[in-house]
Protein chains: 2
Amino acid sequence: MGNSRVNVRRVAEMAGVSPATVSRVTRGTVPVSPELRERVLRVIEEHGYKPSHFGRALAEQRHGALGLVFPGLSGPYFSELIQGFEAEALETGDSVLVLASHSRADTDATVIDLADRVDGMAIHGGTVSTEAIAKVADQIRVVVMASESGPAQASVSVANDSMKALTRHLLVDHGYRKLAFVGTPDGSPDVTTRWQAFLAAHKAARRKPPAEPVRVGLQQSDGAIAAERLLDGDDRPDAVVCANDETALGLMLSALGRGLRVPQDVAITGFDDMPMAALARPALTTIRQPIRELAATTARLLADPLGQPAGDIVLPTELVLRGSCGCGGAP
Amino acid sequence: MGNSRVNVRRVAEMAGVSPATVSRVTRGTVPVSPELRERVLRVIEEHGYKPSHFGRALAEQRHGALGLVFPGLSGPYFSELIQGFEAEALETGDSVLVLASHSRADTDATVIDLADRVDGMAIHGGTVSTEAIAKVADQIRVVVMASESGPAQASVSVANDSMKALTRHLLVDHGYRKLAFVGTPDGSPDVTTRWQAFLAAHKAARRKPPAEPVRVGLQQSDGAIAAERLLDGDDRPDAVVCANDETALGLMLSALGRGLRVPQDVAITGFDDMPMAALARPALTTIRQPIRELAATTARLLADPLGQPAGDIVLPTELVLRGSCGCGGAP
DNA sequence: ATGTTGACTGAAACCGGTTTCATGAGACCG
DNA sequence: CGGTCTCATGAAACCGGTTTCAGTCAACAT
């Protein structure tokens, strides 16, 4: 097939025009007389000419790609993130370059390296050092997700403080006395904030501070690991607040598998409201966060050539009460 | 900071050499006399020069990026896939450009569009039409994953026929009489093959053909949906064979949530052997497939400039018997 | 009839590297 | 001492578009 053996100059030559005109026709930026336009289009059609991405990128000084950096974790959260981000990027004709691997040691270097292959970069909280972010932001536009903004970059995150309302609900409305928290503060800004809200709610309700968090990751298997530590002993908590739905569901599966009843023997809550949360039995009490929206907003900030509305954008979250915390008639 | 305002010619000028020499120093392809090399390196250091990705890509006719196309699904499977792919790509200095969105309607167009931004493309089975693959393969190297190879592209997949051994185990070793299959054949080549193996095992054991598959997706929530169809009626199956671990775990969670015992009331099996499978209670009987290896092999085929060992590479899988099928002392 | 304006168009510069090719110098061989 | 070979090096071509700048021509106003 007439493939990429032809370039602008060849096309121009064959159409009897200048390369400039060919470019004007393909881009459609400047009017071209119908006659020439027609001639050019015919040649393009016949020879299957397509402007080279290389040449165009060089000339425009634009990669047409956005970077997306996130911790190499499994689960619906990051899938949703990618898709939300990508859908928005496609809107503007950008491609998405992901960085998900994680030796943690050389992540910084890799990210900095990535910086000159993309026009903008979205970095998920808890993946890259502050210095590396600064270096990248020095070169291209950066938006951090689920984290705090910095001097050179905006941020998009969600209202993690709903966790306070959820904790309060468990303590006050249900009267649970002993709550456990599953997740690793410091692991990510999100979890840190949720843990702090958890603490704050205890304080606000004048309860004594809760036990140390069960420091595990954010995957479903981590919920199962947490189950071993929380459910097998004698001092089982009344309710377990998990940093996300994944761990909550892992924990629930383990609890049920041990013959415990949820919420009678142990209440469980999550964070995310992923599809499975509503379908579990009992359905999972959780906090809904707009993941897609988070990603899409980030992509939009990166793509928008207009001024950055600097600072932090915080998307709303919503407490979703279902059976697993003890609410509702049917468990 | 001395940023990208400088280019080869500037550096060359300042170092008192030709651009060619600068290039030779940065690439290290051809020996340069110690003196000049030193001078050039000093200038580079002082002005923070870094070769532009644009210029280099254009000159080398190489993007330094690989494409990865997969269905926009959640879950550990695809996370693992991305990471395995990316880890391998980083090895060779390539970036990874993903396409995960799925309007299905314009996916073909998007994929073809992506083809001239990358040097090679990995396409997951069941995402793109054969014609689109052909078009892309006409332009760049293509490897399909978890699918069959085609005239112009190699493939990497796993031995799905272990599903036959698993089914036989349930029918013969455990003597279950009524098996159900959860998953949508035709949805993806993987599921198709697994379903066929499931059928073949019935035939080989001289059992009457099983019921129609429960046609749901591959996510955990789909397992919960399948549960509604399979577990609530009177004609509950003895054992449910799921197309992957995700759905199996969703189903198990639903079963336990309904007060059913696994495997006594219903046995459940999966496919993948993801981390959660071993940690569930009861632990999940499944088939282990090397997802990372699948992705890494694919990336290697794409990056390797040497001749394509055309045809299909099939990676081995392994039957993993645990409690959920009725094996083992402890459930 | 002449100055002005506006719309198209092409030549040339530009984006930033890499690589071929020719040359000059020094080393080695006879 | 002359011829050949090797090696480092620079000039120039090349990769493939986009855009500025200047110029042509026709329409329009005065």
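Protein chains get the first letters and strands the later ones, always in sequence-line order, with residue 1 at the start of each. Predicted, not measured: the structure shown is a model, and the values here were computed from it.
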May I have the list of side-chain donor-acceptor pairs in residues 142-152 of chain B shorter than 3.5 Å, sequence neighbours left out?
| unit_1 | atom_1 | unit_2 | atom_2 | d |
| --- | --- | --- | --- | --- |
| Ser149(B) | OG | Asp312(B) | OD1 | 3.0 |
| Ser149(B) | OG | Asp312(B) | OD2 | 3.2 |

Open item on the list: Looking at Arg10(A), I want to see if its CZ is surrounded by more than 12 non-hydrogen atoms of other residues, nucleotides or ligands under 6.0 Å.
Closed with: no

Open item on the list: Taking the side chain as everything from C-beta on, heavy atoms only, tell me whether Tyr77(A) gets closer than 4.5 Å to Ile82(A).
Closed with: no

- [ ] Just compare dT18(D), dT9(C), dG16(C) and give me whichever is closest to any side-chain atom of Thr21(A).
- [x] dT9(C)

Open item on the list: If I take atom CG in residue Leu58(B) and atom C1' in nucleotide dT18(C), what distance separates them, rounded to the nearest angstrom?
Closed with: 10 Å

Open item on the list: Between Phe85(B) and His124(B), does the ring-ring contact (aromatic ring centres under 6.0 Å, His included) criterion hold? Intermediate values first, please.
Closed with: CA-CA 12 Å; Phe85(B) 193 80; His124(B) 197 275; over 10 Å; no

Open item on the list: Counting distance alone, no hydrogens or angles: does the base of dG17(C) have a donor or acceptor under 3.5 Å from a partner atom on the side chain of Arg24(B)?
Closed with: no

Open item on the list: As an exercise, state the distance from OG of Ser18(A) to CD of Glu13(A), rounded to the nearest 0.5 Å.
Closed with: 12.5 Å

Task: Separation between CG of Asp190(A) and CD of Gln289(A), rounded to the nearest 0.5 Å - done: 6.5 Å

Open item on the list: Counting the atoms with a prime plus P, OP1 and OP2 as sugar-phosphate, which does Val22(B) contact under 4.0 Å by heavy atoms, base, sugar-phosphate, or nothing?
Closed with: nothing

Open item on the list: What is the separation between atom CZ on Phe54(B) and atom C1' on dT18(C), rounded to the nearest whole Å?
Closed with: 17 Å

TODO: Would you mind reading off the distance between Gln61(A) atom CD and dG16(D) atom P, rounded to a whole angstrom?
DONE: 18 Å

TODO: Please check the phosphate of dT18(D) (OP1 and OP2 only) for any side-chain N or O of Thr29(A) closer than 4.0 Å.
DONE: no

TODO: Check whether the side chain of Arg56(A) and the base of dG16(D) form a donor-acceptor pair under 3.5 Å.
DONE: no

TODO: Round to the nearest Å and state the distance from His53(B) atom NE2 to dC15(D) atom C1'.
DONE: 14 Å

- [ ] For Pro31(B) and for Glu60(B), find the nucleotide of DNA chain D with the closest heavy atom, then tell me which residue's nucleotide is more 5'.
- [x] Pro31(B)

TODO: Compare the minimum distances between each of dT19(D), dT19(C), dG17(D) and the side chain of Ala20(A), then state the nucleotide with the smallest one.
DONE: dT19(D)

- [ ] Nearest whole angstrom, please: distance from the C1' of dC15(C) to the NE2 of His63(A).
- [x] 12 Å

- [ ] Can you tell me the distance, in whole Å, between the CD1 atom of Ile44(B) and the P atom of dG17(C)?
- [x] 10 Å

Task: Comparing Arg37(B) and Ser23(A) on DNA chain D - which has the more 5′ nearest nucleotide - done: Arg37(B)

TODO: In plain terms, say whether Arg141(B) and Asp119(B) are close enough for a salt bridge, that is, a side-chain N and a carboxylate O under 4.0 Å apart.
DONE: no

Open item on the list: Just the rounded figure in Å: distance from C1' of dG17(C) to CG of Asn7(B).
Closed with: 9 Å

Open item on the list: For Arg39(A) and Arg9(A), find the nucleotide of DNA chain C closest to each by heavy atoms; which residue's nucleotide sits nearer the 5' end?
Closed with: Arg39(A)

Task: Side chain of Thr26(A) (C-beta onward), nearest among dT9(D), dT18(D), dG16(C) - done: dT18(D)

Task: Listed nucleotide nearest any side-chain atom of Ala59(B), set dG10(D), dG17(D), dG16(C) - done: dG16(C)

- [ ] Name the closest nucleotide to the Arg27(B) side chain, picking from dG17(D), dT19(C), dG10(D).
- [x] dT19(C)

Task: Touch class at under 4.0 angstrom, heavy-atom based, for Val32(A) against every strand present - done: sugar-phosphate

Open item on the list: On the nucleotide dG10(D), are OP1 or OP2 found under 4.0 Å from the side-chain N or O atoms that Ser18(B) carries?
Closed with: yes

Open item on the list: If you compare every side-chain N and O of Arg62(A) against the phosphate oxygens of dC15(C) (OP1, OP2), does one of them come in below 4.0 Å?
Closed with: no

Task: Sub-4.5 Å side-chain heavy-atom contact between Val156(B) and Leu315(B) - done: yes

TODO: Give me the residues of residues 112-119 of chain B where at least one heavy atom lies under 4.0 Å from an atom of DNA chain C, by number, or none.
DONE: none

